[in-house]
Each structure stands twice: as structure tokens, then as C-alpha cells.
Amino acid sequence: MKRLPFIAGNWKMNKTVEEALDLVRSLKASLKDIKDVEVAIAPPFTALHPVSQELKGSSIHLAGQNLFWEEKGAFTGEISPVMLKEINCRYAIIGHSERRQFFGETDETVNRRIRAALNQGLRVIFCVGETLQEREKGINFLVVERQIEGGLKDLGEKAIQSLVIAYEPVWAIGTGKTATPQQAEEVHQFIRQKMRFLYSPKIAENLRIQYGGSVTPENIKSLMDQEDIDGALVGGASLNADSFSRIVRFKEM
Ligand code: 13P
């Protein structure tokens, strides 16, 4: 069975509400005939609600870029899974390397966020990936393995069915230095193998694994041609309607 390709745009800390609405209107127009690829966008929190309204009736899904594990309470600055659900988010990105690098995210806090998101019926894009230093030391597989074991701790088979894993080597993010299709494929294969071992052959077979890190309209096709690459988590190139649409339309190249 071939997995449905999944292309998601992570806008990070970009776009005012007005800019976000402009972009989403262009995307709706340029992607309205897309059927065989799942598409999601993750605007910053301030733009989520207006973008959600604008997306009504469209097949483009909405994602939050993070969330906190409690439902509500005295947690200044945080957003709960319930709040994301309410405005029709289908996904939450969790464990992005920028969260790990700049905001003290650990495998344990990633795990708590993933569990909370899945409990509330959100789907999760769970990010893993090594730094340049870790790759140069030859421990990239070990790092990814540890992130998977830590991030998915105590999660059962049922919950895993709502999970997507994004492999994002930190050295390829925003650097213009994409992993070669072969470099990406070997880690994707490794992740699928690990999931086979941790869960079951069926779970591993159905799991979608996205690649992220300097994905562009120019390199998407060669990445998607790989057996275990099922989609992309796109940063910079998702901020522009033309480049993101061309990435989503990789099959037409
Ligand atoms: P870039 O596509 O800008 O390298 O960002 C990748 C990323 O971090 C997506 O989450």
C-alpha cells in the first residue's frame, strides 16, 4: 500500500494576520484541484483563527507549531490542545529542533506534549534530527533513535496511528544545504525499521515520514522519489505561494 504524500508548511515566526490571509488566499486558489496529496500549513498562533476561517471548505489542513500539555490553567504564554482543536487544527508540530535548541525542549517534554495532543484528538507531526556535530561524530542514527524512544515513551499502537514523523537534520534547516536524497532515505529507512521493532510491521508500513530541511521546488521530486520519504515539512519555501504550490505539485514535474 502506498502512503498518501503529506506536504506541510511550517511558517515559524513569520506573517502578520494580514500577510497570512494573503498567502492562504493564494494557496487556496493555486491548490484547489489537488487531491492526491495531503496539505497542511502551520501559521503562527496569532494568525491561526483568521486562517482557519479562511480555510473553511478548503482541503488544506491547519496545524499549530507547538502546544502545552495541560488543558488550561496558570501557564502564561502557553496554548493548549483544546484551544487548537477548537479552531479546527488537525495537526500540531511537536519537538521541532528550534524548540529543542532555543526553548529548552527535551525528549521528556516532547513526550508530554505528544501525549496531550493525541489525547485531545489532534494528529502530531513529531520532529527528530541530528545536529551537524552529531552527524560528524557519526552518531546521527543514535540521536534519532534516542529522540524516538524518548518522544514516544508510553504511547500505544492506537495513538501512533495519528502520528507523522518529520526527519529534519538541523544542519539542513534554513541553510540551503539539503540532505541528499540518499542521506535522507537511509535515516527514513532507519526510522521505519525502528517503528517496526517498537510497534508492528503494519504501523511502520503505514507511518508517514516527512523530510525537512531546505526543501525547494527544485529538490522535492528527487526526495519524494525515495521509497521511505512520504512528504516534506517545508520552512522558508512555504512562505511564498508559488514555491509552496510547486512543492505540493511535485508529481507534475
Ligand atoms: P527550511 O525549509 O527553511 O530549511 O526549514 C525546515 C524546517 O525547519 C521546517 O520545519
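When a ligand or atom number is given, it counts from 1 through the structure's own listing order. Just so you know, these numbers use all the heavy atoms, side chains as well, and skip hydrogens, waters and symmetry mates.
The ring-ring contact (aromatic ring centres under 6.0 Å, His included) test applied to F244 returns no partner, not counting sequence neighbours. Residues that satisfy the ring-ring contact (aromatic ring centres under 6.0 Å, His included) test with Y199, not counting sequence neighbours, are absent from this structure.
When each atom of ligand 1 is checked for a heavy atom of G213 under 4.0 Å away, the hits are 4 (O), 6 (C). Against a heavy-atom cut-off of under 4.0 Å, G174 is close to the following atoms of ligand 1: 1 (P), 3 (O), 4 (O). Near I173, the atoms of ligand 1 lying under 4.0 angstrom from a non-hydrogen atom of the residue are 4 (O), 5 (O), 6 (C), 8 (O).
Protein heavy atom at the shortest distance from atom 2 (O) of ligand 1 is G235 N, 2.9 Å. Looking only at heavy atoms of the protein, atom 9 (C) of ligand 1 is closest to E168 OE2, 2.8 Å. For atom 3 (O) of ligand 1, the closest heavy atom belonging to the protein is G236 N, 2.8 Å. The shortest contact between atom 5 (O) of ligand 1 and any protein heavy atom is with K12 NZ, 3.2 Å.
With hydrogens and angles ignored, the 3.5 Å screen pairs a side-chain donor or acceptor of Q210 with a backbone N or O of F6. With hydrogens and angles ignored, the 3.5 Å screen pairs a side-chain donor or acceptor of Q65 with a backbone N or O of K12.
Note on ring orientation: taking the six-membered ring where Trp is involved, the planes of Y167 and H188 are perpendicular (angle over 60°, cut-offs 30° and 60°).
Counting heavy atoms under 4.0 Å from ligand 1, residue A172 touches it through the backbone alone.
Some N or O of S214 is nearer than 3.5 Å to an N or O of ligand 1, by distance alone. Checking only distances, N10 does come within under 3.5 Å of ligand 1, N or O to N or O.
Using a 4.0 Å cut-off between charged nitrogen and carboxylate oxygen, R246 and E252 do not count as a salt-bridge pair. A salt bridge is defined here as a Lys NZ or Arg NE, NH1 or NH2 lying under 4.0 Å from an Asp or Glu carboxylate O, and E157 with K202 fails to meet this definition.
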